[in-house]
Amino acid sequence: MSGLFQALELINSTLDYHKVLDCLMELATEVTGSEAASAILIENGQLSFVAASGTKSIEIKRVHLGRKEGVAGWVVENKSPLLIPDVSKDLRFTKKADSTSGFNTRSLVAVPLKIEEEIIGVLEAVNKKSGVFSESDIKVLSILANSAAVAIHKARLYADLNELFLSTVKSIANAIEAKDSYLHGHSERIRDFAMMIARGLGLSKEEEKNVELTAIFHDVGKIGVDDKILRKKEKLSDSEFQEIRKHPAKGAEILSSIKQLKNIIPGILYHQEHFDGRGYPEGISGKSIPLTARIIAVADAFDAMTSDRSYRTAISVKDAIKELEKCSGTQFDPVCVKAFIDNFEPRNAGGDKK
Ligand SMILES: [Fe+2]
């Protein structure tokens, strides 16, 4: 039983929807001594097999039932568990899942997945390996289902929030690009380039996420720079340069009020620094520059070189790579330049490739 509690704790401690389901399937199979398990959730008014274990775990996920169809439909409708010792003798059983997946169901036990009184789906264990399903299987599966339902609900909410957050991020990135037509697609390409470097450096998933968000937001401070300066085709005056140079600090300030973006602020603030200390805003050098900022610097420069700008046309990918190599150790961190060149995938290159 202690194994069960440990696994329940794991289910409750993660917000990863797929992890919750995978863990649930493994547990449901194990605690009931079954050949397979499945989670069937109410989605868009029907019952969808969202997770399964056993030999046909992939095939079964293609199955959708009507809201009142089959054993799952009965459990949802009656809000009670169901034990069927022999499915061939029970009219509530539909063969649809078996005929689609190629699985052969003989016996099953199904319990509702519910949050307080709301049913969100059904948890099933199928084909007891030895002996027959009993009341104790219903009991243990119900304990599991109660915890799992809350975890599934939380993970879904989290995924929705994350989606909302990412679409907000995209809207802001679009707003930045709208200020300067030459920046069109810039944040997306920089993100691709920066991710190539991040992967090349073997960063963790968490660090990769930071790099991705920093790439999207790195120029958010340009919202606070006069459009006329951003779009100017002629040479900029000293005071105009000074104005542009404020964009990293402005960006850091804009994002400082968003708790979820706290970790990306150093990357935003220092993305215009040079490895040799000749950049701005503070002129810091080498590893004093946060790694995320060093990564963005390479990605940003490469995209700038391979895209047309108001004051010049793009150079070829080959020439841009040569330029990165030339400035490796002065403007750029050599480790980041190498990671970029080693992992560069041309299909992601933006701008005009000549
Ligand atoms: Fe910038």
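All ligand and atom numbering here is 1-based and tracks the order in the structure. Treat the numbers as computed from the prediction; the structure is a model and nothing was measured.
- Between Tyr17 and Tyr158, the ring center distance fails the sub-6.0 Å criterion.
- For the residue pair His247/His218, the side-chain donor-acceptor check at 3.5 Å is not satisfied.
- For the pair Cys327 and Thr330, the minimum side-chain heavy-atom distance is below 4.5 Å.
- Note: Phe275 and Phe332 fail the aromatic proximity criterion, with ring centroids not under 6.0 Å apart.
- Vertex the Fe ion (ligand 1); arms to Gln272 OE1 and His247 NE2; angle rounded to 10 degrees, 100°.
- Look at His218 and the Fe ion (ligand 1): no N/O/S atom of the residue is under 2.8 Å from the metal.
- Between the Fe ion (ligand 1) and the N, O or S atoms of Asp219, the shortest distance is to OD1.
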